[in-house]
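In what follows, a structure is listed as structure tokens, so that the remarks can point back to it.
Throughout, numbering of the chain's residues begins at 1 and tracks the sequence. What you see is a predicted model; the values in this text were computed from it and never measured.
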Amino acid sequence: MSVVHQLSPGWLLDHLSFINKINYQVHQHHESCCSKNEPTASVHLDSVSSFGSSTKFIASDSTTKPKNDGGGNCEMFIQKYIFRSELFDITKPYITSAIHKECQQNNEKEDLMNGVKKEISISTLGKKRKRCVGFNQGELDAMEYHEKIRGLILNGSSQIIQEGLKSGFLHPLSEKQDKCNEPITLSFDTCNLSELCEMAKHLPSLNEMELLTLQLMENDMSVTEQDLFSRIVENNSRFTKMITLMGQKYLVPPKSSFLLSDISCMHPLLNCRKTYDVIVIDPPWQNKSVKRSNRYSYLSPLQIKQIPIPKLAAPNCLVITWVTNRQKHLRFVKEELYPSWSVEIIAEWHWLKITNSGEFVFPLDSPHKKPYEGLILGRVQEKTTLPLRNMLPVPDHKLIVSVPCTLHSHKPPLAEVLKDYIKPDGDCLELFARNLQPGWTSWGNEVLKFQHVDYFIPLESR
């Protein structure tokens with residue numbers, strides 16, 4: 001269970017526990033009668049440096065014991081993995097005391113909300129001149145929005161955090177060692193999955209009728225690497241599969257499926273003719289820092305509107321969109337995006353990020369970064385509205401409180417939070433996903449990013 005506490009204001013989640021309760025067990029085998037005793041993953045992709053070569057995606061049978069060159073049998077064993085706990089070790093707020101002091105000084109600028117402007121002196125080439133500096137309209141809108149939800153977040157989070165402290169899930173700062181954790185060094189610097197998707201566009205395309213689902217079965221099979229980009233890949237087994245893609249290993253949890261592609265290659269999702277009861281969307285919103293960086297791509301509002309939600313959504317589908325604190329994006333979702341998809345807004349929630357001791361990761365009133373992000377929830381409206389059977393009405397103004405992962409944009413799981421608001425055994429889809437979870441179909445050009453084996457620790461095999 002990822003839900004530690006459920007109170008009237010919202011939920012306290014344990015993201016790390018949710019990941020580690022997934023059955024990350026890989027069936028592997030080693031050659032007992034051979035001089036080499038190196039394990040081989042039950043699912044692997046023999047990859048070379050360029051596309052177009054005869055690379056093969058191979059799923060091997062975990063129930064048989066193939067013979068080695070010496071005539072001996074390969075013994076089976078299970079390798080279990082857990083997610084690195086240090087990636088959730090947030091003992092102190094992100095912001096430093098010096099920046100916090102600066103934030104307090106900047107609070108004086110709130111007078112500008114009443115039309116007051118402050119004169120500041122700046123020096124240019126040894127000469128001093130004065131200019132008036134004020135907030136732009138976007139900043140004023142953000143401040144107004146923050147004032148509306150400030151009390152909700154402050155009061156609601158207080159109840160949830162106190163419950164977490166009482167239960168021992170959260171620990172007072174005095175009980176934690178005051179130390180600086182060493183940064184985690186992984187074997188790769190950046191995720192190349194998005195570049196891989198771009199390269200895959202130049203591969204010969206398969207017939208659209210052949211763009212079906214690729215199942216990672218127990219029986220031996222082999223397909224071309226091209227198929228990995230052309231089909232939805234499913235792991236319907238009870239165990240995790242390990243795949244190797246361009247020299248990097250990824251864990252595919254049981255009962256999960258994914259499509260690795262960008263927004264120009266979503267047709268495999270549509271060709272399956274499957275609709276979903278819940279769709280979670282985490283768009284790569286455009287902002288100044290993203291535009292300055294080459295690490296992250298972003299989509300324009302027009303591109304986001306072109307996502308075929310009406311074709312993917314089942315009747316009464318619950319649509320949840322993650323939104324940054326930029327008011328331009330919030331207004332776009334409410335006034336343009338959802339209406340274009342025939343989605344009616346029913347609730348607005350917030351994800352509040354805290355430390356292991358229950359402090360906000362940023363000061364609540366920081367003018368730079370806020371400790372919360374928004375979620376806009378809506379339901380697809382059909383011409384003939386179907387009754388919402390076995391589902392509770394979605395409440396408004398709820399809080400999701402959790403210790404965030406240090407990995408950029410690794411959002412908390414919503415599966416257990418949403419279970420009361422979707423039909424039992426409903427089909428779930430996450431768009432722009434960066435990780436996989438059982439029972440969900442995940443799509444994106446970085447959909448395997450947080451499934452990289454370096455984010456996990458292998459336990460003693462048996």
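Leu392 approaches Tyr421 most closely through the heavy-atom pair O-CD2, 3.4 Å. Closest heavy-atom contact between Thr441 and Ser257: OG1-OG, 2.9 Å. Considering all non-hydrogen atoms of both residues, Phe450 and Phe83 come closest at O-CE1, 4.0 Å. Across all non-hydrogen atoms, the minimal contact from Thr91 to Ser357 is O-OG, 4.1 Å. Between Trp440 and Ala415, the shortest heavy-atom distance links the atoms NE1-CB, 3.8 Å. Residues Ser442 and Ala433 share a closest heavy-atom pair of CB-CB, 3.8 Å.
Looking at residues two or more places apart in sequence or on another chain, you find a salt bridge (charged side-chain N to carboxylate O under 4.0 Å, His left out) between Lys334 and Glu348. With sequence neighbours left out, Glu359 forms a salt bridge (charged side-chain N to carboxylate O under 4.0 Å, His left out) with no residue at all. With sequence neighbours excluded, the residues that form a salt bridge (charged side-chain N to carboxylate O under 4.0 Å, His left out) with Asp427 are Lys274.
Of the possible donor and acceptor atoms, none in the side chain of Trp349 sits under 3.5 Å from a partner among the backbone N and O of Gly10. Arg379 contributes a side-chain N or O that, together with a main-chain N or O of Asn316, makes up a donor-acceptor pair within less than 3.5 Å. Remark: the backbone N or O of Ile263 is not paired with any side-chain donor or acceptor of Asn445 at under 3.5 angstrom. For the pair Asn235 (side chain) and Pro253 (backbone), a donor-acceptor distance under 3.5 Å is present. The main-chain N or O of Ile232 is never found under 3.5 Å from a side-chain atom of Trp443 such that the two would form a donor-acceptor pair. With Arg84 contributing its side chain and Asp454 its backbone, the two residues share a donor-acceptor pair below 3.5 Å. Side-chain atoms of Lys398 come within 3.5 Å of backbone N or O of Ser8 as a donor-acceptor pair.
With contacts defined as side-chain heavy-atom distances shorter than 4.5 Å, the pair Ile346/Leu318 qualifies. In this structure, the side chains of Gln159 and Ser157 stay at 4.5 Å or more apart for every pair of heavy atoms. Side-chain atoms of Asn435 and Ile19, non-hydrogen and from C-beta on, never get closer than 4.5 Å to each other. A 4.5 Å side-chain heavy-atom check between Val233 and Ile243 finds every atom pair outside the cut-off. By the 4.5 Å heavy-atom criterion applied to side chains, Cys317 and Thr275 are not counted as neighbours. In this structure, the side chains of Tyr81 and Thr240 stay at 4.5 Å or more apart for every pair of heavy atoms. A 4.5 Å side-chain heavy-atom check between Ser402 and Trp11 finds every atom pair outside the cut-off. Residues Trp285 and Arg326 fail the side-chain proximity criterion, which asks for heavy atoms closer than 4.5 Å.
For Lys255, the NZ atom counts as densely surrounded, since its 6.0 Å shell holds more than 12 non-hydrogen atoms of other residues, nucleotides or ligands.
The aromatic rings of His410 and Phe88 sit tilted relative to each other, their planes meeting at an angle between 30° and 60°.
Expressed to the nearest 0.5 Å, how far CG of Leu431 lies from CG of Leu312 amounts to 6.5 Å. Considering NZ of Lys411 and CG of Asp282, their distance stands at 3.5 Å, rounded to 0.5 Å. The structure places CD1 of Ile304 at 9.0 Å from OG1 of Thr321, a figure rounded to the nearest 0.5 Å. In this structure, Leu165 CG and Ile160 CD1 are separated by 12.0 Å, a value rounded to the nearest 0.5 Å. Taking NZ of Lys449 as the start and OH of Tyr250 as the end, the distance is 10.5 Å to the nearest 0.5 Å. A distance of 9.5 Å separates CG in Leu459 from CD in Gln25, rounded to the nearest 0.5 Å.
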(message) Apply side-chain contact (heavy atoms from CB on, under 4.5 Å) to residues Ile22 and Ser256 and explain how you reach the verdict.
(response) CA-CA 11 Å; Ile22 296 174; Ser256 67; over 6 Å; no

(request) Step by step, work out the side-chain contact (heavy atoms from CB on, under 4.5 Å) result for His368 and Phe362. (result) CA-CA 9 Å; His368 302 289; Phe362 293 107; over 6 Å; no

(message) Walk me through whether Tyr24 and Gln451 qualify under side chain to side chain donor-acceptor pair (under 3.5 Å).
(response) CA-CA 11 Å; Tyr24 279 112; Gln451 301 301 131; 3.0 Å; yes

(message) Please evaluate residues Val280 and Leu375 with respect to the criterion side-chain contact (heavy atoms from CB on, under 4.5 Å), reporting the C-alpha separation (whole Å), side-chain torsions for both, the decisive distance (0.1 Å), and the verdict.
(response) CA-CA 10 Å; Val280 176; Leu375 301 89; over 6 Å; no

(request) Start with the C-alpha distance between Tyr94 and Lys353, add both sets of side-chain angles, then the distance that settles side-chain contact (heavy atoms from CB on, under 4.5 Å), and finish with yes or no. (result) CA-CA 11 Å; Tyr94 296 148; Lys353 292 169 272 190; 5.7 Å; no

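Comment: Glu416 does not engage Lys419 in a salt bridge, judged by the lack of any side-chain N to carboxylate O separation of less than 4.0 angstrom.
None of His329, Gln286, Lys370 except one satisfies the side chain to side chain donor-acceptor pair (under 3.5 Å) rule with Thr324; the exception is His329.
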